[in-house]
Colleague: 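I have a structure I would like to understand better, so I am pasting it below and will then ask my questions one at a time.
Note that these values count all heavy atoms, side chains included, but never hydrogens, waters or copies made by symmetry.
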Amino acid sequence: MTLQRQILWLLNISFLVVVLVVFSVQFNTSRDSIDRQMETDVQNASTALGLTLTAFLDKQDRGAVDTVLQAVFDAGFYSEIRLDWYAKGEVIAKKQEPRAVDVPNWFMNLPLFEAVSQEQVVTSGWLQVANLTVVGNPAVAYQALWRTGVQLLATLSLVYFILLLTVWRGLRLVMKPLHAIVVQARRITKRQFGNPISEPRTRELKTVVMAINEMTDRVKLMFEGQDEQIGRLRLATQTDPVSGLSNRTHLLSHISAWLSEPGTGGLMLMDIKWLDALRLQQGYKARDDLIKALAERFKSLCVKGSRCVFARISHTEFAALCASADERQMHEWLEQVHQELVAFSVQQGQGGGDFALAVVPRGEHLSASSILSSADGALHQAWQNHPHLFMAKAKGSEAPSQENWRDAVNEAIEHQKFGVMRQEVMALEGGKKLQLEWFATLSLAGRQYSAGAFLAFVDQFNLGQAMDLAIFNNLLSRGLFHNNLLNVVNLTLASVRDPDPLLASLDSYTHDFPLAFEISEEIALADPAAVKAFVEQLRIRGLGLGVDHVGRHIESLRYLHDLAPDHIKLDQSLACYGENEEVGREVIRALAKIGQSLKIQVIATRVEKGEQLAILQELGVHGYQGYLMPPTAVS
């Protein structure tokens with residue numbers, strides 16, 4: 001129970017006791033007053049009646065006597081009037097049962113009043129002529145006391161509720177700083193730091209608020225320091241210190257993750273010889289400044305809709321990974337990068353030819369070393385050509401073209417031809433299942449491709465929303481979702497920006513299965529406002545949110561604080577589970593600590609060996625996913 005409620009209950013009981021005491025005292029005072037008034041009325045009535053009857057008794061006028069008695073009795077204030085007439089030897093009695101109007105029977109049965117009676121002898125001179133007895137009607141007293149009690153109770157109750165309401169409003173104002181402290185504390189647990197709490201006038205609360213504000217500032221600095229530490233670790237493990245691009249190690253991890261699933265795309269190598277000549281002429285600083293400027297230009301040179309990773313792998317060599325593109329797109333990409341390098345070289349006064357570029361399509365390459373070796377050979381071939389460009393031919397079967405992908409995706413959307421696979425996410429402690437992640441696959445040219453292979457083409461042709469809706473309706477209509485495990489479904493940016501069709505489809509089904517939607521880190525960074533609005537819609541429906549590929553981009557993790565997802569999945573490029581990858585493992589450890597502080601489940605990906613589980617558990621990760629528990633096709 002809150003402090004405010006405890007105080008309210010205490011005051012409520014206190015007010016109630018006071019009201020009951022006041023009511024009891026006032027009730028008893030009224031009862032005594034009514035009792036005395038009734039005694040006085042009976043005495044006065046008896047005296048007045050005796051004097052009035054004397055003349056009629058002397059004349060022995062029985063009719064007049066009866067009329068007088070009846071007139072007094074009809075007033076209703078007396079339950080009995082009795083006259084013993086000695087001269088006639090007759091008794092005249094008027095009697096009625098005590099009755100009260102609008103008074104409950106249980107109140108009439110309370111022993112509050114006794115019948116008041118007055119007896120006197122009526123005389124004529126020295127002669128006693130009659131005996132008169134007048135008995136008061138207690139019902140009149142009960143009725144008067146009941147009305148007084150009801151009015152008194154209504155008045156005290158009104159005062160009681162007015163006081164209680166006043167105290168409640170006053171407490172809300174007084175307790176407002178405490179509520180602000182509670183809100184601030186909850187924000188701190190989510191690593192969200194708003195403005196300082198306004199200091200109240202109450203001295204004790206002012207001290208508490210000042211302490212909370214100071215603590216908030218310190219915790220904020222601590223968390224910012226942690227974020228900076230993660231940033232430094234990521235820079236140390238993933239970036240080249242001069243260019244700010246990915247380093248060789250980070251590129252290799254991206255290539256390995258890219259090759260782990262079927263897909264398209266290719267790898268480009270660039271050898272810019274004039275950078276060494278510039279170093280000899282003008283020194284390291286001049287060369288490094290040009291490398292930084294060149295890196296900024298590289299960031300805008302990517303195939304539309306594809307994910308690209310640019311890296312500096314030696315003093316003069318650069319590499320670029322294009323995760324999804326067909327052969328024609330890679331030819332255009334090669335020409336675009338070549339033109340940009342020519343313009344940059346001429347701009348720097350270095351001519352336009354002392355560099356070479358080569359692109360190797362993905363083809364049948366299965367390892368990073370294999371495709372890098374092919375790219376190195378292609379680069380040597382490029383130096384033999386003029387201009388120094390070379391586009392290697394894909395080994396094995398020809399990769400699908402952009403048009404092939406478009407037609408295949410459209411047909412799959414229209415005819416529900418997407419394949420379905422699911423993969424379990426396991427807990428590191430206890431080995432229980434945490435999630436079931438559902439994947440879409442697409443068959444093209446006799447080969448089955450996972451969603452990662454064709455997502456870039458889906459984005460290019462604005463088919464993301466239609467694809468998401470088709471896959472989700474397929475899962476719903478076939479009843480594939482598990483009732484006892486969290487079902488996770490991935491979404492594209494188009495569905496996040498306009499989630500109404502997807503949510504309407506979900507709302508039209510009667511379901512009781514746990515469900516969470518998962519977006520990539522790239523989506524979370526691309527449109528934060530749309531993602532935040534989407535998350536609000538999910539929370540209204542009791543649905544969860546996950547973020548995939550966390551750590552792929554060398555940027556701030558602020559979006560984790562703003563979105564507060566239920567789980568995050570580390571990017572495959574962070575699969576640093578080997579003995580000689582201590583720095584990379586520290587990045588995972590730091591991300592796991594952030595997850596713990598924000599109450600977010602942290603799930604490692606690309607887990608392929610059982611011995612990696614002990615390392616992940618030591619790093620503080622909650623669960624894992626990978627080919628140790630491979631995806632299974634759903635027929």
Colleague: Could you pull out the closest heavy-atom pair between I371 and P361, with the gap in Å?
Modeller: CD1-O, 4.3 Å
Colleague: Is the Y449 ring parallel, tilted or perpendicular to the W405 ring (thresholds 30°, 60°)?
Modeller: perpendicular
Colleague: Is there a side-chain contact between F534 and S495, using heavy atoms and a 4.5 Å cut-off?
Modeller: no
Colleague: Is the distance between the ring centroids of F472 and F517 under 6.0 Å?
Modeller: yes
Colleague: For D566 and G544, work out which heavy atoms get closest and say how close.
Modeller: OD2-CA, 3.1 Å
Colleague: Are any of the side-chain heavy atoms of K569 and V425 separated by less than 4.5 Å?
Modeller: yes
Colleague: Hey, what do you get for CG (N487) to CG (L480), rounding to the nearest 0.5 Å?
Modeller: 9.5 Å
Colleague: When you compare the side chain of F461 with that of N410, does any pair of heavy atoms fall below 4.5 Å?
Modeller: no
Colleague: Say whether, by atom type as modelled, one donor and one acceptor occur between the side chain of Q423 and the main chain of G626 under 3.5 angstrom.
Modeller: yes
Colleague: Drop me the distance from L543's CG to L486's CG, to the nearest 0.5 angstrom.
Modeller: 10.0 Å
Colleague: Quick one: CG on N473 to CD on Q416, what's the gap to the nearest 0.5 Å?
Modeller: 7.0 Å
Colleague: How about CG on L366, more than 12 heavy atoms from neighbouring residues, nucleotides or ligands closer than 6.0 Å, or not?
Modeller: no
Colleague: Heavy-atom count around E429 CD within 6.0 Å, excluding the residue itself: above 12?
Modeller: no
Colleague: Please round to the nearest 0.5 Å and tell me the distance separating atom SG of C322 and atom CG of L301.
Modeller: 12.0 Å
Colleague: Would you say that H567 contacts V488 through its side chain, given a criterion of any heavy-atom pair below 4.5 Å between the two side chains?
Modeller: yes
Colleague: If I compare all heavy atoms of A470 with all of F418, which pair ends up nearest, and what's the gap?
Modeller: CB-CE1, 4.4 Å
Colleague: Do NZ/NE/NH1/NH2 and the carboxylate oxygens of E403 and R328 come within less than 4.0 Å?
Modeller: yes
Colleague: For residues T632 and R422, determine if any side-chain heavy atom of one lies less than 4.5 Å from a side-chain heavy atom of the other.
Modeller: yes
Colleague: For the pair K532 and E536, find out whether any cationic side-chain nitrogen is under 4.0 Å from an anionic carboxylate oxygen.
Modeller: no
Colleague: Take L476 and F513 through the side chain to side chain contact (heavy atoms under 4.5 Å, CB included) test and state the conclusion after the steps.
Modeller: CA-CA 11 Å; L476 279 176; F513 49 81; 3.6 Å; yes
Colleague: Would you say H549 and S520 are linked by a side-chain donor-acceptor pair, where the criterion is simply a distance under 3.5 Å?
Modeller: no
Colleague: Work out which heavy atom in V360 is nearest to a heavy atom in H365; give both atom names and the distance.
Modeller: CG1-NE2, 3.8 Å
Colleague: Does a donor on one side chain and an acceptor on the other come within less than 3.5 Å for Q460 and Q329?
Modeller: yes
Colleague: Does C302 form a disulfide bond (SG atoms under 2.5 Å apart) with C308? I'd like the steps, not just the answer.
Modeller: CA-CA 6 Å; C302 187; C308 292; 1.9 Å; yes
Colleague: Counting only N and O atoms by type, is there a donor-acceptor contact under 3.5 Å from the side chain of W258 to the main-chain atoms of T264?
Modeller: yes
Colleague: Given D571, which partner from the list R606, H254, E521 fulfils the side-chain contact (heavy atoms from CB on, under 4.5 Å) test?
Modeller: H254
Colleague: Given Y559 and V531, is the side chain to side chain contact (heavy atoms under 4.5 Å, CB included) satisfied, shown in steps?
Modeller: CA-CA 10 Å; Y559 71 91; V531 174; over 6 Å; no
Colleague: With a 3.5 Å distance limit and no angle check, can you tell me whether H622 reaches the backbone of I603 through a side-chain donor-acceptor pair?
Modeller: no
Colleague: Give, for atom CZ of R312 and atom CD of E317, the distance between the pair rounded to the nearest 0.5 Å.
Modeller: 10.5 Å
Colleague: Hey, could you give me the NZ/CG distance between K417 and N474, rounded to the nearest 0.5 Å?
Modeller: 13.5 Å
Colleague: Do L334 and M268 come close enough that some side-chain heavy atom pair is under 4.5 Å?
Modeller: yes
Colleague: If you look at every heavy atom in L321 and W333, which pair is closest and at what distance?
Modeller: C-CH2, 4.5 Å
Colleague: Indicate yes or no: at least one non-hydrogen side-chain atom of I471 is less than 4.5 angstrom from one of N490.
Modeller: no
Colleague: T605 side chain to L570 main-chain N or O, any donor-acceptor pair under 3.5 Å?
Modeller: yes
Colleague: Would you please test L613 and V607 for side chain to side chain contact (heavy atoms under 4.5 Å, CB included) and show each step?
Modeller: CA-CA 8 Å; L613 300 182; V607 180; 3.9 Å; yes
Colleague: Applying salt bridge (charged side-chain N to carboxylate O under 4.0 Å, His left out) as the test, list every pair that has at least one member in residues 475-503; sequence neighbours left out.
Modeller: R497-D527
Colleague: Please check this pair: side chain of S373 against backbone of S369, looking for a donor-acceptor N/O pair closer than 3.5 Å.
Modeller: no
Colleague: List the atom of L619, the atom of A592, and the distance in Å for their closest heavy-atom pair.
Modeller: O-CB, 3.5 Å
Colleague: Please tell me if the side chains of D240 and F310 come closer than 4.5 Å, counting only heavy atoms from C-beta onward.
Modeller: no
Colleague: Counting N and O atoms only, with roles assigned by atom type, does the side chain of S300 sit under 3.5 Å from a partner on the main chain of E296, one being a donor and the other an acceptor?
Modeller: no
Colleague: Going through the checks in order, is the side chain to side chain contact (heavy atoms under 4.5 Å, CB included) test met by V547 and E518?
Modeller: CA-CA 5 Å; V547 181; E518 197 169 273; over 6 Å; no
